[in-house]
Amino acid sequence: MLTELDIHLPLAKALREDARRKAAAQKLGISPYRIGGMRLLKDSIDARRRPICKQLRLLVAVDEELPPAELPTREYAPLPASAKKVIIVGSGPGGLFAALRCIELGMRPIVLERGKDVSARRFDLHPINCDGYVIEDSNYCFGEGGAGTFSDGKLFTRATKRGPVSEIYETFVAHGANPDILTDAHPHIGSNLLPNIIKAMRGSILAAGGEVHFQSRVCALLISADGKRMRGVRTADGTEYEANDVILATGHSARDVYRMLEAQGIRLERKAFAVGVRIEHPQSLIDAAQYHLRPNEKRPEGLPAARYTLATKIEGRGVHSFCMCPGGFIVPAATENDEVVVNGMSLSRRNSPFANSGFVVTVEPEDTDAFLKEHGVLSGIAYQKALEIATSQAGGGMMKAPAQKVTDFLAKRLTNELPKTSYHPGLTSWDLNALLPRSVCTRMREGLSFFNRKLRGFAGEEALLIGCETRTSSPVRIPRDPDTLQHPDIAGLYPCGEGAGYAGGIVSAALDGRRCAEAVAAIK
């Protein structure tokens with residue numbers, strides 16, 4: 001008999017096979033000798049109090065042997081020459097998973113990526129980190145794999161109602177990800193491992209007969225004479241690709257795409273987003289607060305670098321942590337040379353001495369009305385851009401970022417001596433109260449005090465604010481029909497993922513890519 005059950009054990013016992021077996025047998029009311037094998041299905045940490053425990057979900061075989069585990073595999077049949085063509089703009093998670101789903105459904109994906117392949121892209125991060133300038137089509141945001149490739153690779157999602165999350169994890173494992181992501185309650189791949197997985201996914205697309213074209217920035221949609229039907233796209237080098245179906249999965253930083261759509265008269269909508277800073281702490285401080293450690297006590301073996309999620313609402317606007325990176329780094333995520341943008345990432349081991357997170361405040365469309373007259377529906381982008389330019393000027397150039405200790409931010413004074421940081425281009429002391437909009441600063445100050453009561457030291461002497469975090473999500477939504485997923489005005493145009501306003505992370509974007517491919521296949 002095979003049965004699933006949950007057991008709750010102190011950390012030290014949870015790491016031992018004999019203790020797990022004894023706890024499983026006790027819960028089933030049988031002798032441990034009747035258990036023929038156990039397999040971990042889900043692993044989560046309960047650190048609400050000491051002793052720290054693990055909540056384990058096990059598959060247990062009683063009075064029989066446990067069948068061997070089989071790792072997920074994916075085999076994609078070669079496409080026939082007559083396969084329907086689908087253009088996919090962008091090779092982030094939305095685009096890649098749309099392409100793989102197209103192949104499964106017998107359609108030929110043609111993936112167009114403005115940036116470089118993931119191997120070449122890695123070298124293009126050196127200039128922005130070390131030389132103070134960004135290669136504008138190949139950086140932390142643009143290139144094969146999208147923004148998630150070199151900004152952490154967190155897979156945890158609450159988007160479980162959007163589609164088969166397990167399918168996303170299993171596809172990653174089939175292309176080389178650690179199988180632990182199938183059981184970890186907060187799965188994470190790491191920016192050092194994602195590139196090879198992305199390459200393997202590209203290999204699957206090409207082997208089945210799909211196409212992937214790099215340095216192919218789409219600059220125009222080709223639309224029928226009556227303006228109601230897609231017929232292809234044109235890239236910056238003048239190449240035209242013809243197809244009646246286009247999945248637009250360009251990510252939230254491809255601002256030229258929004259301008260292109262507006263110029264072509266394609267309907268767009270304003271939407272809420274968030275701006276703020278990165279907040280950085282010693283990882284040991286977060287460990288101590290989250291794991292209830294005593295002074296000078298080290299994190300127990302078997303526990304990962306501690307993480308947190310914080311959220312509240314202040315004066316009608318959300319204030320929350322965003323993209324928390326335990327054991328991580330703060331990285332420069334600008335896409336143009338007149339701006340500074342910060343983001344976070346972690347490697348697979350999460351062993352940096354720093355923890356960082358976005359600390360941001362919701363910006364509603366009406367908050368960007370000062371830019372409405374000149375920029376119209378793109379007022380949110382203008383709001384972001386103005387803040388990014390001001391951030392660059394405050395930093396003093398060369399991708400240096402303005403920074404301030406939390407205690408000084410609260411006291412509205414400059415920081416005399418900035419602490420060590422993971423941000424490689426360097427920091428400049430600056431009063432962030434004079435940089436960020438007043439409505440954002442007011443809520444940040446109240447949020448810091450509130451979160452400090454929830455997480456000891458969050459707003460203490462060791463906390464550092466680094467500006468500015470502006471690319472949390474798109475300020476623009478490309479509308480689509482909820483049933484067909486096509487743009488309401490243009491048949492065959494499928495807005496997809498974060499850039500279109502329908503996702504908020506790797507997994508939700510991947511799920512949306514699959515949905516869009518299925519929507520294309522459903523149209524006869």
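For the numbers below, each heavy atom of this structure counts, side chains included, while hydrogens, waters and symmetry mates do not.
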Answer yes or no: does atom [atom1] of [X] have more than 12 heavy-atom neighbours from other residues, nucleotides or ligands under 6.0 Å?
{"X": "Lys27", "atom1": "NZ", "answer": "yes"}
{"X": "His8", "atom1": "NE2", "answer": "yes"}
{"X": "Arg57", "atom1": "CZ", "answer": "no"}
{"X": "Glu17", "atom1": "CD", "answer": "yes"}
{"X": "Lys420", "atom1": "NZ", "answer": "no"}
{"X": "Glu64", "atom1": "CD", "answer": "yes"}
{"X": "Lys13", "atom1": "NZ", "answer": "no"}
{"X": "Arg349", "atom1": "CZ", "answer": "no"}

Any idea which heavy atoms bring [X] and [Y] closest together, and the distance?
{"X": "Phe322", "Y": "Glu469", "value": "CE2-OE2, 3.7 Å"}
{"X": "Leu2", "Y": "Pro67", "value": "CD2-CD, 4.2 Å"}
{"X": "Arg480", "Y": "Cys496", "value": "NH1-CA, 4.1 Å"}
{"X": "Ser439", "Y": "Arg443", "value": "O-NH1, 2.9 Å"}
{"X": "Glu364", "Y": "Ala272", "value": "OE1-CB, 3.6 Å"}
{"X": "Gly344", "Y": "Arg278", "value": "N-CZ, 3.5 Å"}

Open item on the list: Would Phe97 and Arg515 count as a side chain to side chain contact (heavy atoms under 4.5 Å, CB included) here? Give the steps.
Closed with: CA-CA 9 Å; Phe97 277 84; Arg515 287 188 66 211; over 6 Å; no

TODO: Check the pair Val342, Val331 against side chain to side chain contact (heavy atoms under 4.5 Å, CB included), reporting the backbone distance first and the verdict last.
DONE: CA-CA 6 Å; Val342 291; Val331 297; over 6 Å; no

Between [Y] and [X], is there a side-chain heavy-atom distance shorter than 4.5 Å?
{"X": "Arg317", "Y": "Asp367", "answer": "yes"}
{"X": "Leu96", "Y": "Ile88", "answer": "no"}
{"X": "Asn129", "Y": "Tyr140", "answer": "yes"}
{"X": "Cys441", "Y": "Phe409", "answer": "yes"}
{"X": "His175", "Y": "Ser204", "answer": "yes"}
{"X": "Asn178", "Y": "Ile189", "answer": "no"}
{"X": "Arg514", "Y": "Ile168", "answer": "yes"}
{"X": "Tyr291", "Y": "Arg50", "answer": "no"}

Does any donor atom in the side chain of [X] or [Y] lie under 3.5 Å from an acceptor atom in the other side chain?
{"X": "Tyr169", "Y": "Asp184", "value": "no"}
{"X": "Thr171", "Y": "Glu167", "value": "yes"}
{"X": "Thr335", "Y": "Arg471", "value": "yes"}
{"X": "Ser422", "Y": "Glu280", "value": "yes"}
{"X": "Gln384", "Y": "Arg255", "value": "yes"}
{"X": "Ser346", "Y": "His188", "value": "no"}

- [ ] Describe, in one word, how the ring planes of Phe458 and His281 are oriented to each other, choosing from parallel (under 30°), tilted (30 to 60°) and perpendicular (over 60°).
- [x] tilted

Would you check if the side chain of [X] reaches a backbone N or O of [Y] as a donor-acceptor pair within less than 3.5 Å?
{"X": "Tyr258", "Y": "Ile478", "answer": "no"}
{"X": "Glu498", "Y": "Ser473", "answer": "no"}
{"X": "Gln283", "Y": "Gly327", "answer": "yes"}
{"X": "His252", "Y": "Pro475", "answer": "no"}

TODO: List the steps and the verdict of side chain to side chain contact (heavy atoms under 4.5 Å, CB included) for Glu4 and Leu59.
DONE: CA-CA 5 Å; Glu4 290 186 18; Leu59 177 65; 4.1 Å; yes

At what distance, to the nearest 0.5 angstrom, does [atom1] of [X] lie from [atom2] of [Y]?
{"X": "Leu41", "Y": "Leu58", "atom1": "CG", "atom2": "CG", "answer": "7.0 Å"}
{"X": "Asn356", "Y": "Cys323", "atom1": "CG", "atom2": "SG", "answer": "7.5 Å"}
{"X": "Gln290", "Y": "Leu455", "atom1": "CD", "atom2": "CG", "answer": "4.5 Å"}
{"X": "Phe329", "Y": "Asn343", "atom1": "CZ", "atom2": "CG", "answer": "14.0 Å"}
{"X": "Ile103", "Y": "Tyr76", "atom1": "CD1", "atom2": "OH", "answer": "7.5 Å"}
{"X": "Leu193", "Y": "Thr149", "atom1": "CG", "atom2": "OG1", "answer": "12.0 Å"}

Open item on the list: Assess whether a salt bridge exists between Arg101 and Glu104, defined as any Lys/Arg side-chain N lying under 4.0 Å from an Asp/Glu carboxylate O.
Closed with: yes

Task: Salt-bridge contact Glu144-Lys199 (side-chain N to carboxylate O under 4.0 Å) - done: no

Open item on the list: Show, in sequence, the C-alpha distance, side-chain angles and deciding distance for Val319 and Phe450, and conclude whether the side chain to side chain contact (heavy atoms under 4.5 Å, CB included) test is met.
Closed with: CA-CA 10 Å; Val319 180; Phe450 179 74; over 6 Å; no

Open item on the list: Among Val111, Asp117, Val118, exactly one meets side-chain contact (heavy atoms from CB on, under 4.5 Å) together with Phe214. Which residue is that?
Closed with: Asp117

Task: Arg121 charged N/C atom sitting above Phe150 aromatic ring, 6.0 Å / 45° - done: no

